[in-house]
Amino acid sequence: MPFHSGFAETAMIDWHQSGERMTHRPLPPIANLDRSPYNPVVNTMTQRGPAVISPQMEFKDKYFSLLEKGAKPGRYIGGEPNMVLKDFGPRAGSLRARVS
Amino acid sequence: MQVRFALAFPDVYEIGMSHNGIRMLYHILNRIDDVYAERVFAPWVDMAAVFQSEGVPLLSLETKTPIRDFDLVGFSLQAELTYINIPYMLDLAGIPLLSQDRREGDPLICAGGPCTANPEPLADFIDFFVIGDGEELVVEIVDLCRNARREGLKRWQTLEALAKLPGVYVPQVHQPPTPWVPETRPGKPFTLVKRRWVEALSPDFYSTKPIVPVIDIIQDRVSVEVMRGCTQGCRFCQAGYWYRPTRELNVDDVMRLTSESLKNTGNREIGLLSLSTADYSQVECLTKEMARAFSKDKISISLPSLRADMFSVSLAENVGEVKKNGFTFAPEAGSVRMRRFINKNISNEELFQSIETAYRQGWNLVKLYFMIGLPTETDADIRELVDLIREVGRIGKKVKGGQKNVNASIGTFVPKSFTPFQWDRFEDLKVTTERLNYLKSAVRFPFARLKWHNPMEGFIEGVLSRGDRRVGRAILKAYQLGCRFDAWDEMFNFNLWMKAFEESGLDPHFYNRDIPLNEVLPWEFIDIGVSKKFLLKERERSYEQVQTYDCKWGDCRGCGIPGNYEDIKLAEVPEQVAAESLVQLSLAPFRAADAAKPPEAQRASVPLVQGGQTGSEVSQSSSAEAVNVLTVQPLSVVERAALPARPFVMHYWKEGPARLLSHLNVMQLMERAMIRSEFPLRFTEGFNPHPKFATSPAIPLGMSSHSEYIQFELRGELPENAVARMNACLIEGLVVQNIVPFEAKGQWTITQPLQATYKAWIESEQINGEAGALTELMGRVNDLINHLCDHYKGNDFYCSSKDHERIVDLWVEGDQPPRLGFTVSVNQNGALLKPRDFLEQVLQCPPDLARKFLVVKETVSFQ
């Protein structure tokens, strides 16, 4: 990596040396939280829970079957020339997979 | 340990795919083995509704992975009016909208781009911001996240580690800046984050194999960033201060990147990107070299808007070698006084001379960008703007005749952070609307077309660009009320936004007012390098009508970023060019002879000759043949042009995802694949050259076909393995079957089919609830087959449809589910019966059922 400056490692070392990880410190509250600015009923997709289709391959098939229902479906197909494809496997190594 | 990074753009594919930053980050990240960057754009509202109703979350374009399964999601913030699409996309992805609600399994949401010049309005949505250039920082972020995972760190621990990276702002970790609440001011500003910038532009940042879009995008060209940063010092321009210092790519690097990208994309247009490309120190040399290397292949060069005082005859000649669409100048204000106020020091004479040069060099259209609502603007300034447009039109009429030759675009000034005008108000909506209405009524010249932006959009943009953290409430409320895609005129809803402010308990006018100079600003915790003292000084100079000259040539103006070439990285002067003194803006003459003079005197020292051409340009023109600076291998197009044109026909299939592309999009993909496959295509002559193609008639969107044809002409031989080469350059579903010579030169036969055979069927899972209707339909099919058999035996033929004469054959294959086969012929006008019409009109299939049929065109016969 020709432009890697190593800041990431430095930051990690600083953080390790600080010893902060030993005690969980809650994140500071966001500003103006006391004014209750947010309507809690906003995460519509989240509150519906996981989507009804679980395996990823079905998502893909379902996704393509829906594209004809919208305008300019070419926007959504992907697979363009020079697109990068890497075989990471379904959800391989993702945070979500690790947690679940 | 793998890291998956979703590069998110809060607008549609056509806009996002045109953005150079996404392309660069995509390339930089995917170069790392264990990192996979994928793209995601905001789906238009119709498609989003379909996804939501069907329970399909927002997916990446590459692997169709749900966005919520990524480790990092990075939004590119290019314009404030796209902010609304951040909660929209997060919601579609099923990711909690607010940082505080996200938990361990959720991705880290980050954002970068010029709008991070004031990140506070989005602070509650975004986990961390990348402040400044991302090329190096994004790699550090990915490394850190990988290490954090290896260490098993919690989400909050990772965010705290990120907060220690220079250039990263984590709203939940960094102490939030003093809220912009009146009773807390004046306060003491403090720095939390320093903007990061790369010391020099490296060719390694740029991909020479960018993704080739499958549909029309707004900037569909090979884009090369020749320069980053601009020190002209226009006082309204946030980018001019944000992207300092000036860094340029060398000419040979630009040429190499361009030629490789052209070869790898098949594109026929080059865009030289920067904030002010005419200020690129080697612009004359570069455009001349590009014209020499690429114009023979009908590859055109386009430039973004230009400063009129940097425009020259030779630049126009180089850029307009192949195509002359339109030239764009940005005087920004109509009166000289206003231009002096904003430090855009262009006289009317310079502007008119440049425009006349453009017209005389063959351009038919000049585009002019203006702003209204600038500080101190009066009605007299607006009247001068009308006079200026009238005069430009008069020049155009004199040179080009009576056609429409001027497009004037009117925007509304929006004060932005980190500019000398950051304390000034957004002009009252009533005033801007009145001035815009005056312009609409006054600019009614037959040669001019006026375009404008809605000042109400500017009002909201003003709130978002100078807002504090509380504005996030209004963004969320506006999203809940239904705002989407605010940057699109047809989607923008001012009333909903005002309702959102009201329900959030915010007064939008508070953010668009004149701000006292001693107030602590919401964005002051960022140190961008340019000092507040300098901005205040510039503000004073604007009111005093004092010009601040460009520091690019070594005369430091004390903005805070070191001058005197400590940070400015100009392109190297190519050796032969320097020796022949061919570069107008090369460093040497300015430093050696004119260093002591102000830039105005420097410009004056280059004598002007006829048509605005400078002395150095004359020598450049006269020595054009001698210039051979770079070793770009010229293609043998000139030799090819002498060869006779030979016609060929290509047979291809269109199915799978490709069936969702329009006919024109497929043609564009085919053209680019042919160029990439080194087909010696014959081009049309004239104003806008394009390959000479003929195609079989377009099929409806969504229909597959095994019988599509393109007829084209080559000047030379078909390359070896042409079919394999083509298929390597196409997308899934577009498959070239064969390419054969076509002997009947001059006859474009494939455009006139005689009859076509289709097959149609319904997938088993789609039949639900329609089994009865399908059975009835098959009964009618059997009846019609019997009638046709009678007809073939010479008996009378009964059919309820007037199209019966166009039915050549009809049959059924299989039964689970049955497949219909039918052959239809053209009518007396040469039009084929459409398969959907056959189903609905001939077979009387209900439209809902007909829509479920998958149709493939199997064969077609021609005259």
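By convention in this document, chain letters (A, B, ...) are assigned in the order of the sequence lines, proteins followed by strands, and residues within each chain are numbered from 1.
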Step by step, would you call Thr63(B) with Lys60(A) a side chain to side chain contact (heavy atoms under 4.5 Å, CB included)?
-> CA-CA 8 Å; Thr63(B) 58; Lys60(A) 189 173 178 180; over 6 Å; no
Can you tell me if Tyr36(B) uses its side chain to pair, donor with acceptor, with the backbone of Val84(A) under 3.5 Å?
-> yes
Lys852(B) atom NZ, neighbour heavy-atom count above 12 within 6.0 Å | yes
Applying ring-ring contact (aromatic ring centres under 6.0 Å, His included) to Tyr13(B) and not counting sequence neighbours gives Phe41(B)
Search all heavy atoms of Asn264(B) against all heavy atoms of Asn82(A) and return the closest pair with its distance.
-> O-ND2, 3.0 Å
Cationic N near anionic O, under 4.0 Å, Lys69(A) to Glu54(B) | yes
Looking at Val40(B), Ile217(B), Asp33(B), which makes the most heavy-atom pairs under 4.5 Å with chain A?
-> Asp33(B)
For Glu68(A) and Leu660(B) the tightest heavy-atom approach is CG-CD2, 3.4 Å
Is chain A contacted by the side chain of Val12(B), its backbone, both, or neither, given a heavy-atom distance below 4.5 Å?
-> side chain
Mind checking the CD1-CD spacing from Ile215(B) to Glu80(A)? Nearest 0.5 Å is all I need.
-> 9.0 Å
Identify which part of Leu669(B) has an atom lying under 4.5 Å from any heavy atom of chain A, answering side chain, backbone, both or neither.
-> side chain
In terms of heavy-atom proximity below 4.5 Å to chain A, should Pro213(B) be classed as side chain, backbone, both, or neither?
-> backbone
Taking all non-hydrogen atoms of both residues into account, name the closest pair between Lys62(A) and Val56(B) and its distance.
-> CG-CG2, 3.6 Å
Where Val214(B) and Gly74(A) come nearest, the two heavy atoms and their spacing | CG2-O, 3.7 Å
So which of Val50(B), Asn665(B), Val168(B), Asn30(B) has the biggest tally of heavy-atom pairs under 4.5 Å with chain A?
-> Asn30(B)
Let me know if Pro87(B) has heavy atoms under 4.5 Å from chain A in its side chain, its backbone, both or neither.
-> neither
For Glu38(B), is it the side chain, the backbone, both or neither that has a heavy atom under 4.5 Å from a heavy atom of chain A?
-> neither
Take the angle between the ring planes of Phe51(B) and Tyr63(A) and call it parallel below 30°, perpendicular above 60°, tilted in between.
-> parallel
Lys/Arg N to Asp/Glu carboxylate O, Lys86(A) vs Glu62(B), below 4.0 Å | no
Heavy-atom pair with the smallest gap, counting every atom of Arg676(B) and Pro81(A) = NH1-CB, 3.6 Å
Okay, Arg659(B) and chain A: the region with an atom under 4.5 Å from a heavy atom over there is side chain
For chain A, find which of Pro210(B), Ala658(B), Ala474(B), Gly505(B) contributes the most heavy-atom pairs closer than 4.5 angstrom.
-> Pro210(B)
Step-by-step side chain to side chain contact (heavy atoms under 4.5 Å, CB included) determination, Met47(B) to Arg75(A) | CA-CA 10 Å; Met47(B) 196 64 86; Arg75(A) 283 170 177 161; over 6 Å; no
Using non-hydrogen atoms only, which part of Arg39(B) is less than 4.5 Å away from chain A: side chain, backbone, both, or neither?
-> side chain
Indicate yes or no for a side-chain donor-acceptor contact from Lys64(B) to the backbone of Ile77(A) under 3.5 Å, with no hydrogens or angles considered.
-> yes
